[in-house]
Amino acid sequence: MKIATLNRGKETKYLNQYPLIDEEDIYQHDHLKEGDLVKIVTDQQQYIATGYVGRQHKGLGWVLSYDENEDINTQFFVKLFESALEEREYYFNIDGTNAFRLFNAEGDGVGGLTIDNYDSHLLIQWYSKGIYKFRYLIIEAIKTVFGYTSLYEKMRFKDTTYTGGFVDGKAPEFPITIEENFTFYNVDLEDGLMTGIFLDQKEVRKKLRDQFSEDRDVLNLFSYTGAFSVIAAQNARSTTSVDLANRSRGLTEENFGLNGIDPKSQYIYVMDTFDYYNYAARHGLQYETVVIDPPSFARNKKKTFSVQKDYGSLVKGALSVLAPEGSLLLCINSSAFSLKAFKNVIKKTLDEEGVEFEIREVMGLPKDFKTHPHYKPSKYLKAVFIDIKH
Ligand code: SAH
């Protein structure tokens with residue numbers, strides 16, 4: 001097996017089970033290729049962990065085991081999948097939900113690999129060339145542990161022309177309809193990087209419906225397939241969905257239809273969020289709840305958008321369309337943006353605007369998106385509900 005030697009003083013970090021192998025912590029290593037297994041040793045040649053090479057973010061790869069004698073074979077993955085499955089028992093047993101994450105990367109013991117369950121259609125996501133080298137072993141282990149109707153994969157790394165597709169089982173006709181908190185959504189596992197729904201937001205969606213929608217006009221910005229709108233519409237006076245992408249309209253209408261809501265009774269705009277702020281202001285439109293769940297980064301004809309640079313202006317714009325007493329749901333999906341930094345941006349913006357506000361709820365990932373206790377970036381999702389008077 002290949003060897004990577006740590007810089008002196010870095011052992012404690014890895015002995016404390018930090019799972020990402022930081023390139024800068026390595027003093028020297030053998031020639032390493034994607035998918036190589038590597039022993040992490042101290043400068044005294046003492047064994048610490050076994051990892052694999054899969055370059056992602058700033059990492060060289062991920063730790064897989066702390067047992068020098070453990071073989072990384074099908075059985076290794078079988079054991080991890082079995083314990084992941086056991087921890088998801090809750091989701092298999094509840095009513096009204098049949099889609100959730102089965103295996104969440106480093107949180108479940110293998111960085112760079114996730115497996116989602118969409119009503120027994122499974123989706124594997126490979127986040128590096130390195131983890132993809134274990135494809136055969138991992139698929140064998142999936143077959144052993146998880147029952148499924150069909151199995152799909154998506155490549156989440158660059159330098160591949162193949163982007164994913166059908167792997168095994170009985171292919172359904174897409175879209176399929178999944179259920180989450182008694183709400184129905186269409187999902188397509190063969191259509192680009194996104195599937196139609198972000199499963200990590202399920203509790204946030206539920207909270208929006210149960211506590212921030214009743215008798216309100218709800219504005220959902222960056223609405224994609226309208227998941228927040230569709231669940232809010234069960235209690236709201238009206239919903240308005242805004243997304244720049246043309247295709248969002250049809251997908252959103254279909255999701256309303258699945259839930260017995262006439263899409264014509266709701267508002268859908270294919271528009272840039274900032275343009276919509278102007279449009280709404282011109283037309284005197286106001287909302288009691290505004291949802292902002294943007295991509296971390298986006299480019300359109302006119303400009304680039306990034307949450308780091310633009311979140312303040314998004315919040316300011318939202319205030320211009322918020323009723324005198326209303327709520328904001330602000331989300332970010334970024335490891336690079338900590339909860340503390342996010343709260344600071346929110347507070348600074350609201351203070352500058354001189355509004356009275358109270359943070360009602362701060363939410364993160366649901367239980368199925370199991371995180372790693374010693375790796376903070378795995379908690380990438382932050383969602384904050386705020387009541388505002390202005
Ligand atoms: N909030 C969504 C997920 C958002 S995905 C959900 O709950 O499922 C990001 C979406 O932002 C994409 O659909 C993309 O088309 C849209 N988008 C990107 N830039 C935009 C902009 N400037 N204005 C409006 N929508 C934008």
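In what follows, residues are counted from 1 in the order of the sequence shown. As the structure lists them, so they are numbered: ligands from 1, and atoms in each ligand from 1.
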Is there a heavy atom in [X] that sits closer than 4.0 Å to ligand 1?
X    : result
R205 : no
T225 : no
S248 : no

What part of [X], side chain from CB on, backbone N/CA/C/O, both or neither, has a heavy atom under 4.0 Å from ligand 1?
X    : value
F228 : side chain
Q201 : neither
F198 : side chain

With a cut-off of under 6.0 Å to the ring centre and 45° to the axis, is [X] in cation-pi contact with [Y]?
X    : Y    : answer
K202 : Y91  : yes
K382 : F342 : no
R205 : Y185 : yes

Open item on the list: Could you report the tightest heavy-atom contact between A318 and V290, atom names first, then the distance?
Closed with: CB-CG1, 4.0 Å
Considering non-hydrogen atoms of the protein only, which is the closest contact for [atom], and what is the distance?
atom                    : answer
atom 9 (C) of ligand 1  : P295 CD, 3.7 Å
atom 6 (C) of ligand 1  : D293 OD2, 3.7 Å
atom 23 (N) of ligand 1 : T273 N, 2.9 Å
atom 19 (N) of ligand 1 : A298 CB, 3.8 Å

TODO: Select the closest option to atom 22 (N) of ligand 1 among D272, D310, N333, judged by heavy-atom distance.
DONE: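 The nearest heavy atom belongs to D272.
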Task: Closest to atom 26 (C) of ligand 1 (judged by heavy-atom distance), picking from F222, Y269, F274, Y185 - done: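 Heavy atom nearest to atom 26 (C) of ligand 1 belongs to F222.
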Open item on the list: With heavy-atom distances below 4.0 Å as the criterion, list the atoms of ligand 1 near M271.
Closed with: 23 (N), 24 (C)
Task: Per-atom contacts of ligand 1 with A245, taking only distances under 4.0 Å to non-hydrogen atoms - done: 15 (O)
Task: N or O contact, D243 vs ligand 1, cut-off under 3.5 Å - done: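 Yes, since at least one N or O of D243 sits under 3.5 Å from an N or O of ligand 1.
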Open item on the list: Regarding ligand 1, does L244 bring an N or O atom to under 3.5 Å of one of the ligand's N or O atoms?
Closed with: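 For ligand 1, there is an N or O atom that lies under 3.5 Å from one belonging to L244.
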Open item on the list: If only side-chain N and O atoms count, and only distance matters, is there a donor-acceptor pair under 3.5 Å linking W126 with E153?
Closed with: yes
Open item on the list: Please tell me whether S238 and D217 have a donor and an acceptor in their side chains that are separated by less than 3.5 angstrom.
Closed with: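 Yes, a side-chain donor-acceptor pair sits under 3.5 Å.
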Task: Residues, nucleotides or ligands: over 12 heavy atoms within 6.0 Å of K264 NZ - done: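 Incorrect, the count does not exceed 12.
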Open item on the list: Nearest 0.5 angstrom please: I231 CD1 to N259 CG, how far?
Closed with: 8.5 Å
- [ ] Starting at CE of M363, measure out to SG of C331 and round the result to the nearest 0.5 Å.
- [x] 9.5 Å
Open item on the list: In terms of relative ring orientation, are F81 and F77 parallel, tilted or perpendicular, with 30° and 60° separating the classes?
Closed with: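 The arrangement is tilted - the two ring planes meet at 30° to 60°.
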